[in-house]
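None of the values given here were measured: they were computed from a predicted structure. Indexing begins at 1, ligand by ligand and atom by atom, following the structure's order. Values below: all heavy atoms of this structure, side chains included; hydrogens, waters and symmetry mates excluded. Nothing fancy with the numbering, it's 1 onward along the sequence.
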Amino acid sequence: MPQVNLNGDLVDKSAAKISVYDHGLLYGDGVFEGIRVYSGKVFRLHEHVERLYESALHLLLDIPWPRDRVIAEVLRTVEANKKIDGYIRLVITRGEGTLGLDPEKCGRPQVIIIVDDISLYPPKMYDEGMEVITSSIIRSHPNTISPRVKSLNYLNNILAKIEATRAGVPEAIMLNHLGEVAECTADNLFLVKHGLLRTPPISAGILEGVTRNTVIDLAEASGVTVQEMALTRHDVYTADELFLTGTGAEIISVVKVDGRVIGNGKPGPISKNLRERYQVLVRS
Ligand code: PMP
């Protein structure tokens, strides 16, 4: 039975319970990270923990442990579950409170660390590329809760995801309030045009993906110029290559958007090369 870390105690999955008065449940008041374990090593743990603390700081949510304790508890939980390749879900909720919004009335924030298997897209989709749509749901306006905060409230992304699955595709591109390309429901987006790698800037209202940053580094190290710039649907429709990045999806090519074929309809050479380099890096 998987062992879940609940506030520093390792308990069986079936015994890992929190209060129905927890504001994480009542209001989506909390933050989280999704992290991968490859060949027994946790990939980019420090970067994920840093983003977790930044998200929490934005929400004035005090994580009850210092960073090194969070890191140690994550590693301990991976070890307890003997997980060589898997997925970690690190969650901090506001804690048990009253039925009102006020977080000041909440007790201690709850720390939850789940280590489990990851369900990936089928291998065929990585070989052939996926199809996506553009969603009618826009990414959170930067003057609401910042899209940089990885909070427990994913409702607009969930609505976009439902729109995608009802259209028969696994993902949707979300535009921002200006009509620019932001990201997908749980992945960042990159395109290739005339050999240049382009991705929306953080100011487009996106989550600063750990995979995104890794891919930018890998591209630059392999001599590909990366441009963080505002992108529109025009740029997407006329791209030579298109791919998504995320902890779960890793790097996956997109070959059709809104029924239109992108590039030659197959994963392109720069995307394939970056995917190969990424696979080597995560297991190095
Ligand atoms: N955007 C959103 C909205 C996400 O939820 C995620 C997944 N956490 C990403 C992008 C990709 O981020 P990362 O590469 O850090 O997993």
Any donor-acceptor pair under 3.5 Å from [X] side chain to [Y] backbone:
X: Glu33; Y: Val49; result: no
X: Lys193; Y: Val236; result: no
X: Asp235; Y: Thr232; result: yes
X: Asn157; Y: Thr185; result: yes

Side chains of Asn81 and Gln3, donor plus acceptor under 3.5 Å: no
Ligand 1 contact by [X], heavy-atom criterion under 4.0 angstrom:
X: Glu33; value: no
X: Arg51; value: yes
X: Asn213; value: no

Tell me, which protein residue and heavy-atom name are nearest [atom], and how many Å apart are they?
atom: atom 8 (N) of ligand 1; value: Lys150 NZ, 2.6 Å
atom: atom 12 (O) of ligand 1; value: Gly209 CA, 3.5 Å
atom: atom 2 (C) of ligand 1; value: Glu183 OE1, 3.6 Å
atom: atom 5 (O) of ligand 1; value: Tyr154 OH, 2.5 Å
atom: atom 14 (O) of ligand 1; value: Thr211 OG1, 2.6 Å

Can you list the ligand 1 atoms lying under 4.0 Å from a non-hydrogen atom of [X]?
X: Thr185; value: 3 (C)
X: Val210; value: 13 (P), 14 (O), 15 (O)
X: Leu207; value: 1 (N), 2 (C), 4 (C), 6 (C), 8 (N), 9 (C), 10 (C), 12 (O)
X: Asn188; value: 10 (C), 11 (C)
X: Asp187; value: 1 (N), 9 (C), 10 (C)
X: Asn157; value: 3 (C)
X: Arg139; value: 3 (C)

Can you confirm whether Glu79 is buried at CD, in the sense that more than 12 heavy atoms of other residues, nucleotides or ligands lie under 6.0 Å from that atom? no
Going by the side-chain hydrogen bond (donor to acceptor under 3.5 Å, both in side chains) test, name the single residue among Thr77, Asp116, Asp117 that passes it with Lys83. Asp117
Kindly indicate whether a cation-pi arrangement holds for Arg67 with Tyr53, taking the cut-offs as under 6.0 Å to the six-membered ring centre and within 45° of the axis. yes
Testing Glu228, Glu47, Glu250 for salt bridge (charged side-chain N to carboxylate O under 4.0 Å, His left out) with Arg212, which one passes? Glu228
Out of Leu189, Thr247, Ile206, Thr245, whose heavy atom sits nearest atom 13 (P) of ligand 1? Thr247
So which of Pro147, Ala249, Ala186, Ser140 gets nearest to atom 11 (C) of ligand 1, if we judge by its closest heavy atom?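 Ranked by closest heavy atom to atom 11 (C) of ligand 1, first place is Ala186.
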Atom pair NZ/NZ of Lys266 and Lys272 - distance to nearest 0.5 Å: 8.5 Å
Hey, would you say the Tyr278 and Phe43 ring centroids sit under 6.0 Å apart? yes
